[in-house]
Amino acid sequence: MTQTSVADEILLDLIHAEIVSYASHSDSNEKKVCLSVIPQIKFLLKYKNLCLCFRLTKDWTRFKDELDTMKFICTELWIAIYKKQIDNLRTNYQGTYLLQDNSFRFLSKMSTGSQYLESAGKYVIFTCGLIRGALSNLGINAIVSTEINTMPVVKFHIQVPQPHN
């Protein structure tokens, strides 16, 4: 690992830890606001800053469709951030995508007991905002949600609104 990538890893861990800490120490009303605001903060940060997606795609030809864009998220973007590809991509070809990470970085070191499932949601907030911001920068507005049934498996549900005919 290069010195820059070690620094990037540490910065990612620190910002993620701060978001989780903020979500954990809020009272219940603040927590609801926090859980809905944090993805928006990440979305705005990704939108206003030079997006990693643009740097990763500078030598690529334009994506031909949504599925190509999702494949990019699952491979190039995921590798750049999490040092691995997403494990599974599924679609119904009608604007719904399921990205599954079988060993999500921020849950992989937690106990696999079911008692931790309730608190696991705060560990994926950052990534939901990251996916939403990346897709926005690539011209796709989407709703991103998660499903965590067993640790450390995370399913990211992406819904792209389809135009009415």
Side-chain angles (χ1 to χ4, degrees), residues 4-5 8-9 11-20 22-23 31-108 120-165:
T4 303
S5 64
D8 291 344
E9 292 285 315
L11 289 173
L12 178 63
D13 287 343
L14 289 173
I15 193 166
H16 186 264
E18 191 60 33
I19 290 170
V20 170
Y22 183 74
K31 193 172 287 190
K32 288 177 188 173
V33 171
C34 172
L35 293 177
S36 64
V37 170
I38 288 176
Q40 302 300 326
I41 292 168
K42 183 61 193 158
F43 174 75
L44 290 172
L45 287 173
K46 290 302 291 177
Y47 192 75
K48 289 187 177 206
N49 294 324
L50 177 61
C51 180
L52 175 62
C53 292
F54 288 136
R55 286 185 274 151
L56 291 173
T57 60
K58 70 180 179 179
D59 297 326
W60 287 47
T61 59
R62 189 175 175 98
F63 298 120
K64 63 182 177 189
D65 57 19
E66 271 178 18
L67 184 56
D68 267 1
T69 306
M70 293 300 168
K71 288 177 183 177
F72 167 79
I73 297 292
C74 293
T75 56
E76 302 302 319
L77 182 67
W78 220 257
I79 289 169
I81 297 168
Y82 297 112
K83 308 300 182 228
K84 68 181 227 68
Q85 290 186 20
I86 203 88
D87 295 303
N88 197 342
L89 166 64
R90 294 184 185 158
T91 182
N92 67 356
Y93 296 98
Q94 297 176 354
T96 302
Y97 300 88
L98 175 73
L99 284 61
Q100 182 171 320
D101 189 328
N102 293 330
S103 183
F104 186 64
R105 174 184 175 166
F106 297 122
L107 296 181
S108 63
K122 61 188 163 200
Y123 291 89
V124 297
I125 294 169
F126 175 83
T127 304
C128 286
L130 184 77
I131 293 169
R132 185 168 176 242
L135 288 171
S136 178
N137 280 318
L138 294 169
I140 297 175
N141 291 318
I143 298 167
V144 180
S145 59
T146 59
E147 177 184 343
I148 305 168
N149 294 322
T150 57
M151 300 281 267
V153 179
V154 179
K155 296 177 182 176
F156 295 93
H157 297 271
I158 301 171
Q159 181 64 50
V160 179
Q162 299 299 300
H164 299 289
N165 293 331

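Residues: numbered from 1 along the sequence shown.
When every heavy atom of P161 is checked against every heavy atom of A142, the shortest pair comes out as CD-CA, 4.5 Å. Closest of all the heavy-atom pairs between I148 and M151 is CG2-SD, 4.2 Å.
The line from CG of L130 to CG of L135 is 9.5 Å long, rounded to the nearest 0.5 Å. Distance check: N92 CG to L98 CG gives 10.5 Å after rounding to the nearest 0.5 Å. To the nearest 0.5 Å, atoms OG1 (T69) and CZ (F63) are separated by 5.0 Å. How far CD1 of I158 is from CZ of R132: 12.0 Å, rounded to the nearest 0.5 Å. Atom CG of residue N102 and atom NZ of residue K155 lie 9.0 Å apart, to the nearest 0.5 angstrom. In this structure, CD in Q85 is found 4.5 Å from CD1 in I79, a value given to the nearest 0.5 Å.
A heavy-atom distance below 4.5 Å is found between the side chains of L77 and I81. Counting only heavy atoms from C-beta outward, the side chains of T91 and M70 never approach each other to under 4.5 Å. Annotation: side chain of I73 is in contact with side chain of L138 (closest heavy-atom distance under 4.5 Å).
With sequence neighbours excluded, the residues that form a salt bridge (Lys or Arg N to Asp or Glu O under 4.0 Å) with K84 are D87, D101. Considering only residues two or more places apart in sequence or on other chains, D65 meets the side chain to side chain donor-acceptor pair (under 3.5 Å) condition with none of them.
Using a distance-only test at 3.5 Å, with no hydrogens or angles considered, no donor-acceptor pair links the side chain of E76 to the main chain of C74. Between the side chain of S136 and the backbone N or O of N141, no donor-acceptor pair lies under 3.5 Å.
In summary, of the residues considered (E66, H157, R90), a side chain to side chain donor-acceptor pair (under 3.5 Å) with Y97 occurs for E66 alone. The residue from L99, L107, T127 that alone fulfils the side-chain contact (heavy atoms from CB on, under 4.5 Å) condition with V154 is L107.
For F104 and Y82, the gap between ring centers is short of 6.0 Å.
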